[in-house]
Amino acid sequence: SRPRRRVNPGFQGQLKLYEAMGCAVDTSSVLYKRYRLEMLSERFSEPQDLPQEVFAVDPTTVCQTLNTEVLYRCRKCRRALFRSSSILSHTEGMGPTAFAHKRITESARLSGNGQEKCTSYFIEPVQWMEPALLGVMEGQLLCPKCTSKLGSFSWRGDQCSCGRWVTPAFQIHKSRVDEVRTLPVGNFQTAKT
């Protein structure tokens, strides 16, 4: 009856998410995981206790039988850190033009061609990260075995090298991890790094 009444934009966003997931709640969907993390980042000023369902299972606690997922390990000590199902993809940003505030020169823009846009993985939190995440809004992510720096996290978000702003950001640098694929060969499996 009133012309200014509208549907809540948050509810509209939830309906679009539901439709994008095929009209079913799929908790393993990247879209759902990103939405859940965004809601947590808005709710907490300093996260003291996070629900356990937010954390992906630590790959060292799960048996690797017939798993076709890619496993990512610390480059220094080879400890398993996360699986490909934990990676939260994002749409590519505008590239160097998004960093105009850093005064990138025209020659730097031209030399950037041919390089990989995203130099990091943005992932959902994994169980081994829990002690580092509690009580702080941002910090470093260190390998739980050798304590080498893997990346950083920020509940407020961070900018990817491609220019896209990702909120919240659990960023692991690609140069700090190795990708391990398991390939079935005959009756046994071999790991390809």
Side-chain angles (χ1 to χ4, degrees), residues 28-38 41 54-62 64 67-102 104-105 107-133 136-183 189-193:
S28 64
S29 165
V30 171
L31 297 171
Y32 179 79
K33 290 175 183 179
R34 181 159 303 284
Y35 170 77
R36 182 181 60 197
L37 286 172
E38 287 172 0
S41 68
V54 169
F55 295 97
V57 177
D58 190 336
T60 59
T61 61
V62 178
Q64 286 186 293
N67 198 341
T68 59
E69 278 192 291
V70 177
L71 183 66
Y72 294 87
R73 296 179 182 266
C74 173
R75 184 162 280 177
K76 186 173 180 184
C77 71
R78 309 293 297 151
R79 191 226 193 250
L81 299 169
F82 62 96
R83 297 190 181 283
S84 57
S85 59
S86 294
I87 296 175
L88 303 175
S89 59
H90 59 275
T91 55
E92 200 173 278
M94 300 181 307
T97 59
F99 297 99
H101 64 285
K102 293 186 178 179
I104 292 180
T105 63
S107 61
R109 286 187 187 148
L110 294 174
S111 67
N113 292 340
Q115 292 182 348
E116 192 173 354
K117 291 266 187 183
C118 298
T119 58
S120 299
Y121 297 110
F122 287 88
I123 64 172
E124 65 180 326
V126 184
Q127 288 172 338
W128 60 264
M129 294 179 186
E130 187 173 7
L133 301 180
V136 292
M137 292 299 291
E138 57 189 36
Q140 293 183 351
L141 291 174
L142 305 175
C143 176
K145 184 176 177 184
C146 68
T147 65
S148 65
K149 184 179 178 194
L150 300 171
S152 60
F153 73 93
S154 174
W155 286 98
R156 294 178 190 102
D158 205 356
Q159 195 167 28
C160 180
S161 58
C162 73
R164 174 68 56 198
W165 188 264
V166 179
T167 306
F170 303 94
Q171 181 178 22
I172 304 286
H173 301 296
K174 290 181 179 180
S175 63
R176 304 295 177 124
V177 295
D178 284 328
E179 190 177 287
V180 179
R181 297 175 188 269
T182 305
L183 302 173
Q189 292 191 347
T190 60
K192 176 186 174 191
T193 57

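When reading the values below, keep in mind they use all heavy atoms of this one structure, side chains included, and skip hydrogens, waters and symmetry mates. Heads up: numbering here begins at 1 and tracks the sequence. Everything numeric here is computed off the predicted structure, so don't read it as measured data.
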> Does the side chain of K174 reach to within under 4.5 Å of the side chain of T119, using non-hydrogen atoms?
Replying inline: no
> Do you know the tightest heavy-atom contact between A169 and V166?
Replying inline: CB-O, 3.6 Å
>> Please report the interatomic distance NZ(K76) to NZ(K149), rounded to the nearest 0.5 Å.
In response: 14.0 Å
>> Pair R75, V177 - check side-chain contact (heavy atoms from CB on, under 4.5 Å), show working.
In response: CA-CA 5 Å; R75 184 162 280 177; V177 295; 5.8 Å; no
> Does some side-chain heavy atom of H90 sit less than 4.5 Å from a side-chain heavy atom of C160?
Replying inline: yes
>> If I compare all heavy atoms of P144 with all of W128, which pair ends up nearest, and what's the gap?
In response: CD-CE3, 3.7 Å
> For the side chain of R78 and the backbone of R73, is there at least one donor-acceptor N/O pair under 3.5 Å apart?
Replying inline: no
>> Give me the atom names and distance for the closest heavy-atom approach of V70 to R181.
In response: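 Where V70 meets R181 most closely, the heavy atoms are CG2-NH1, 3.4 Å.
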>> Measuring only between side-chain heavy atoms, which start at C-beta, is L141 closer than 4.5 Å to Q171?
In response: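 No, too far: nothing below the 4.5 Å cut-off.
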> What distance do F153 atom CZ and I172 atom CD1 have between them, rounded to the nearest 0.5 Å?
Replying inline: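 Between F153 CZ and I172 CD1, I get 11.0 Å after rounding to 0.5 Å.
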> Given side chains that start at C-beta, do those of F122 and R164 come closer than 4.5 Å, heavy atoms only?
Replying inline: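 No. Closest side-chain heavy atoms not under 4.5 Å.
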>> Could you check whether any side-chain N or O of E92 sits under 3.5 Å from a backbone N or O of C162, counting only pairs where one atom can act as donor and the other as acceptor?
In response: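 Not confirmed, E92 side chain does not pair with C162 backbone.
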> Looking only at heavy atoms, which two atoms of E179 and Y121 are closest? And how far apart?
Replying inline: OE1-OH, 3.7 Å
>> Within the 4.5 Å heavy-atom criterion, are R79 and C146 side-chain neighbours or not?
In response: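 No - every pair of side-chain heavy atoms lies 4.5 Å or more apart.
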> Between atom CZ of R156 and atom CE of M137, what is the distance when rounded to the nearest 0.5 Å?
Replying inline: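 Here the interatomic distance stands at 4.5 Å.
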> Which value, rounded to the nearest 0.5 Å, describes the distance between F82 atom CZ and L150 atom CG?
Replying inline: 8.5 Å
> Where the side chain of S161 meets the backbone of K117, is there a donor-acceptor pair that is under 3.5 Å apart?
Replying inline: yes
>> Using 0.5 Å steps for rounding, measure from the CD1 atom of I87 to the OH atom of Y72.
In response: 3.5 Å
> Hey, what do you get for CZ (R176) to CG (L81), rounding to the nearest 0.5 Å?
Replying inline: 12.5 Å
